Amino acid sequence: MIILVKDVQITYGKGVSLMLVVGRKPGQYIVINEKIIIKVIKSEEGHLRLAIEAPKDISIVRGELLNQE
């Protein structure tokens, strides 16, 4: 099921309880739980760079590294 709210897309998918899909441009950001900030730094030729600011006790790991295990 997909729910559209303005420029936000919420998807309920297989194995995922909730996925929020948000379009952002360089310089824009989203905030998760008032503690984690994900900012779009650069976007060119289909490549995207993100800056993630989070408390030290929160582990941040790239998805492809999790899949190796």
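Predicted model only: the values in this text are computed from it and were never measured. Here, residue 1 is the first one in the sequence, and each next residue gets the next number. When reading the values below, keep in mind they use all heavy atoms of this one structure, side chains included, and skip hydrogens, waters and symmetry mates.
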Taking side chain as C-beta onward, heavy atoms only, is [X] less than 4.5 Å from [Y]?
X     : Y     : result
Arg49 : Val40 : no
Pro26 : Lys42 : no
Ile58 : Ile36 : yes

(request) Hey, could you give me the CD1/CD1 distance between Ile52 and Ile38, rounded to the nearest 0.5 Å? (result)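 If we round to the nearest 0.5 Å, Ile52:CD1 and Ile38:CD1 are 5.0 Å apart.
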(request) Starting at NZ of Lys35, measure out to CD of Glu53 and round the result to the nearest 0.5 Å. (result)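 Interatomic distance, Lys35 NZ to Glu53 CD, rounded to 0.5 Å: 13.5 Å.
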(request) Please write out which residues are connected to Val31 in a hydrophobic cluster, directly or through intermediates, given that two of Ile, Leu, Val, Met, Phe, Trp, Tyr count as joined at side-chain heavy-atom separations below 4.5 angstrom. (result)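 Tyr29, Ile37, listed by chain and number.
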(request) State, to 0.1 Å, how close Ile41 and Leu50 come at their nearest heavy-atom pair, and which atoms those are. (result)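 Ile41 and Leu50 have their closest heavy atoms at CG1-C, 4.2 Å.
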